[in-house]
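Only one structure is covered here, and it is reproduced in the block below.
Remember, predicted model here, so these are calculated numbers, not experimental data. Excluded from the calculations below are hydrogen atoms, water molecules and symmetry mates; all remaining heavy atoms, backbone and side chain alike, are included. Residue numbers begin at 1 in each chain, while the letters A, B, ... track the order of the sequences.
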Amino acid sequence: MGHALNNLLQDILARYKRQRGYNVLWMPGTDHAGIATQNVVERQLAAEGLDRHAIGREKFIERVWQWRRESGGTIINQLKRLGSSCDWRRERFTMDEGLSKAVREVFVSLYEKGLIYQGDYIINWCPRCHTALSDLEVEFEEHNDGHLWDLQYPLADGSGSIIVSTTRPETMLGDTAVAVNGSDERYRDLVGREVILPLMERKIPIIADDYVDMEFGSGAVKITPAHDPNDFEVGLRHGLEIVKVMDEKGVMNENAGKYAGLSREECRKKVVEDLDELGLLPAVKDYSHNVGHCYRCRTIIEPYLSNQWFVRIKPLAERALAAVKEGETRIIPQNWEKTYFNWMENIRDWCISRQIWWGHRIPAWYCGACGKMIVARQDPEACPECGARELRQETDVLDTWFSSGLWPFSTMGWPEETETLQKWYPTSVLVTGFDILFFWVARMMMMGLEFRDEVPFKDVYIHALVRDEHGQKMSKSRGNVIDPLVIIDQYGADALRFTLAAFAAQGRDVSLSEARIAGYRNFVNKLWNAARFTLMNLDEDFDPAAAVEPAVLSPAESWISHRLNRTIEEVVAALDEYRFNDAAQALYQFTWHEFCDWFLELEKPDLFQSEDGDRRAAARAVLYRTLERIVRLLHPIMPFVCEEIWQNLPRPAAAPGSIMATAYPGAEPEFDDPAAVGAMERVMAVITAIRNIRGEMNLSPGQPLAAVIRGKDEAVLATLRENAPSIISLARLSALEIDAGAEKPAQAAAGLAAGVEIFVPLAGLVDFRQEAERLKKAIKKAEKEFSGVDKKLGNEKFLAKAPAEVVEKERAKHRELAEKLEKLRVGLKTLEAVSGP
RNA sequence: GGGCGGGUAGCUCAGUUGGGAGAGCACCGGCCUUACAAGCCGGGGGUCACAGGUUCAAGCCCUGUUCCGCCUACCA
């Protein structure tokens, strides 16, 4: 579903920009997901009773390609079902030949610049995946069931002992020192002396190092250089011995003495038992601490000393940092820039080697004769040093992100200087989730700047994550993934797309609920039905190319045309600023509530009953023009239904073959008509008031009602008279009288709207106590509003300091409410006079 | 430890220069009104987490408190 959201947003932009006349390149593709994919195929092998070592590297790689051929298209197919309008001919894969060439070029080039080095360091090791991981690939999780064990190490001369604390007692087997802070008075005399490491009976020194926090625990720390990054640093500073006590599977090795062969978990248990027995375990406390887990298999990570390849990242990060600081690349929403800066500023070297088989094999060879290492663009035939031909290639492969970091240019043919590259690099926008801001965005920035000398993209739009209804991140391991294909089958791609777009508010996660999707499915349906209505009202000889003259429009038609202009402006502004939810919201509101609920109903009298041919023609023309624009506006979000409707609509001969190729509508100022909007708002207010009386009196829509309208403002009355057919139709009246001097009918319900009084005679229809209740309710509501405005206007400071237009607005409201209250009170009084209190 | 985001109607959430608290779903009442019952019409419902402050005016700005989520970090 994350892919669905991500792709949807890109698709909306691509379709929108195409309609706006841009030449759009959208290149689809996937990375090879090294560890995850290798795990899948290893599981397949395990099911067959095999493992990768049994079949060998070449056969294994073949199997992976086979698996990829069978299921690698899954995501791509999902995207196609969703309607993604990528350039599918340009689909790329990080293991393709061209991209692999780019990987090799980048590796060798960075190596030659001294930005890649190999060495023995503590890295994050997954004992299950059997590989090193970068810092980013370790997920920390709070474990509150941990313990802090105090271990007692006797001094070698038998004069006492020193206590150290640890959360990982099994590592004590590899301790090669005990460290204290040099300025710690308590231990001053002990520095330089030795302790006997229990269980191993080894003598190890007590050293002084600033790293030790005197406040924590006993103020003394056991040092295990081979199994802890800090201890490794301490070890380097003091030239300590390094003892590895674990192998690559997390099993204790021969250096662990009698514990050899035990798993790290079993060993911990046994070490604790044995120390306890020796009386060297003075305390055990419950302890809550963070434990690193493999991001692919959740296994607990082992900090492990190992020979690996690294990228010296600082020089690359500096440029990537500056590019965003200087605005060459914008990150949207901007909050993320801070996160990006923070990470770039505190970045550490990137471990890029992985001990798996699926991936780009590191282009380094070792000479069997002289031991020289060769890093080369072309596979070497012989050792340049000694000429020997026994060359052995490095078995490690590169981190998948190393190759995906090259995506913006490797997919365009780099290192060749292709036309594509010339034309499209740097790209306009990258759309991605924040969860891969560091993994991917940061690396693309660094690689792009290093190898193209230009940022890879001008905008980075960071969207939210799709979560389940409990706000949990959707992931395969949690098993709470909602399959987009299932949703598409059930509700349609357009419904899913609209839902995701409507939820995609900047900086906020998407909690996807099926009820919401069902709701937007109804919207698709609504649009479809509105299109049916439109189609069945267009003549055979309707001319879609005929110009519509603003002068011939009815007030309702002018109103909808004006509102269409405003909606277009809103949607364009929203899409230009990546406010997808605002665009969706504006279109939803306009289409359903203005076009369907009001406009179609308002047009029915003209369409069905008018004797005037020109009037009917105008109604049809505006109906057509509005719907035709609605589907073009909605096309980026709901391409399927919009295309279908558009294909069914009559259209000018010159129109393109698909809605995809049409222009995005723009506002047409000649259709702006604020006066018509004002008039229609009055008409609608009157209709709503009458409907309200009907509803509150529980009168069914079939019940014929008459209405009498009176008011002082002749202009308003004229407007209402002009629109009397609309009022009669939408309020379902049998008769309507509009007259400044009209008599209030006896036994009538009264309403107020648009500055006029509305009476609906109800003699014999309802219980008048009910109407009295309704009026009392209305009075109470109006009183509450009135007192608020009254208080405001009674405040001299408000009158003095608020802008004049705000004050005037309050005054007008004050007058209206006073008048309304007066009329309601009179109405209630007369009612009580005829019907009794 | 540092950083970020959030607490608005029963639920999920909008609310962009501070000036009438909104949507969808759910709920209540009335309707098969010939585009649509996946619909139409009407309605109820919120001391905008809490406490202060700035302002004529605060959901929005400032300070503090509290709760929740996420990211990040080498305290054994």
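- Residue-level contact check: A:Y491 touches neither bases nor backbone, having no heavy atom under 4.0 Å from any strand.
- Within the 4.0 angstrom heavy-atom criterion, no nucleotide atom of any strand lies near A:R168.
- Among residues two or more places apart in sequence or in another chain, the salt bridge (Lys or Arg N to Asp or Glu O under 4.0 Å) test is passed with A:E603 by none.
- Looking at heavy-atom distances under 4.0 Å, A:V164 makes no contact with the nucleic acid at all.
- Using a 4.0 Å heavy-atom cutoff across all strands shown, A:P229 reaches no nucleic acid atom at all.
- Taking only side-chain atoms of A:N525, from C-beta outward, the nucleotide of B:C36, B:C74, B:G42 with the closest atom is B:C36.
- Within 4.0 Å (heavy atoms only), A:K777 reaches no atom of the nucleic acid at all.
- Comparing the same atom, C1', in B:A76 and in B:C4 gives a spacing of 29 Å after rounding to whole Å.
- Scored by the side chain to side chain donor-acceptor pair (under 3.5 Å) test, A:H814 finds A:D790 as partners (sequence neighbours excluded).
- Listed by first then second residue, pairs satisfying salt bridge (Lys or Arg N to Asp or Glu O under 4.0 Å) with a partner in residues 487-497 of chain A read A:D11-A:R497, A:R81-A:D489, not counting sequence neighbours.
- In this structure, the NZ atom of A:K809 is 16 Å from the C1' atom of B:C56, given to the nearest Å.
- Rounded to an integer number of Å, the gap from A:L799 CG to B:U55 C1' is 16 Å.
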Given the rule that a pair is Watson-Crick or G-U wobble with both distances under 3.5 Å, how would you write RNA chain B in dot-bracket, using | for pairs to a different strand? ((((((((.[[[[.)...(..]]]].(((((.......))))).....[[[[[..)....]]]]])))))))....
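- Among the heavy atoms of the strands lying under 4.0 Å from A:D597 are primed sugar atoms or P, OP1, OP2 only; no base atom is included.
- The OH-P distance, from A:Y187 to B:A76, rounds to 17 Å in whole Å.
- Distance noted for atom C1' between B:C27 and B:C61: 37 Å (whole Å).
- We find that CZ of A:F438 is positioned 12 Å from C1' of B:A73, with the value rounded to whole Å.
- When heavy atoms are screened at a 4.0 angstrom cut-off, A:L600 is found touching base atoms of the nucleic acid.
- The separation between A:K792 atom NZ and B:A58 atom C1' is 11 Å, rounded to whole Å.
- The side chain to side chain donor-acceptor pair (under 3.5 Å) search around A:D213 returns none, not counting sequence neighbours.
- Under the side-chain hydrogen bond (donor to acceptor under 3.5 Å, both in side chains) criterion, no residue pair touches residues 791-804 of chain A, with sequence neighbours excluded.
- With sequence neighbours left out, the side chain to side chain donor-acceptor pair (under 3.5 Å) criterion links A:S787 to no other residue.
- With both ends at atom C1', the span from B:C60 to B:U55 equals 13 Å, rounded to whole Å.
- As rounded to the nearest Å, B:G42 and B:A23 have P atoms that lie 12 Å from one another.
- The distance between atom CE of A:M697 and atom C1' of B:C31, rounded to the nearest whole Å, is 17 Å.
- Here the side chain of A:A802 is nearest to one of B:U72, B:C75, B:G19, namely B:G19.
- In this structure, of B:A35, B:U16, B:A38, it is B:A35 that holds the atom nearest to the side chain of A:F608.
- Scanning all heavy atoms of the two residues, the minimum distance from A:I488 to A:A493 falls at CG2-N, 3.8 Å.
- For A:S700, the listed nucleotide lying nearest its side chain is B:G30; candidates were B:G30, B:A76, B:G43.
- Put simply, OH on A:Y295 is 13 Å from P on B:U72, counting in whole angstrom units.
- For A:P701, counting side-chain heavy atoms from C-beta on, the closest listed nucleotide (B:C75, B:C31, B:U16) is B:C31.
- The side chain of A:H289 has B:A76 as its nearest neighbour among B:A76, B:C41, B:A38.
- At a threshold of 4.0 angstrom between heavy atoms, the contacts of A:P303 with the nucleic acid are absent.
- Phosphate contact (OP1/OP2 of B:C74, side-chain N/O of A:R348, threshold under 4.0 Å): present.
- Annotation: of the two residues near RNA chain B, A:A220 and A:R732, the 5′-most nearest-nucleotide partner is A:R732.
- Counting any heavy atom pair closer than 4.0 Å across all strands shown, A:A800 reaches no nucleic acid atom.
- Atoms OH (A:Y121) and P (B:C74) sit 17 Å apart, rounded to a whole Å.
- Side-chain atoms of A:K604 lie closest to B:A35 of the nucleotides B:G44, B:A76, B:A35.
- Applying the side chain to side chain donor-acceptor pair (under 3.5 Å) criterion to A:E696, with sequence neighbours excluded, gives A:K777.
- Nearer the 5' end of RNA chain B, as judged by each residue's closest nucleotide, is the contact made by A:K781, out of A:K801 and A:K781.
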Provide a list of protein-nucleic acid N or O atom pairs under 3.5 angstrom, restricted to nucleotides 3-10 of chain B.
unit_1, atom_1, unit_2, atom_2, d
B:C4, OP1, A:K338, NZ, 2.7

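- Here the side chains of A:L649 and A:L627 are in contact, with some heavy-atom distance below 4.5 Å.
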Just the table, please: protein N/O against nucleotides 21-25 of chain B N/O, every pair under 3.5 Å.
unit_1, atom_1, unit_2, atom_2, d
B:G24, OP1, A:H593, NE2, 3.4

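- Within residues 526-537 of chain A, the residues having any heavy atom closer than 4.0 Å to RNA chain B are, in order of number, A:K526, A:N529, A:A530, A:R532, A:F533, A:M536.
- Side-chain contact annotation: A:R516 with A:Y520, donor-acceptor N/O pair under 3.5 Å present.
- Listed by first and then second residue, the side-chain hydrogen bond (donor to acceptor under 3.5 Å, both in side chains) pairs involving residues 226-236 of chain A amount to none (not counting sequence neighbours).
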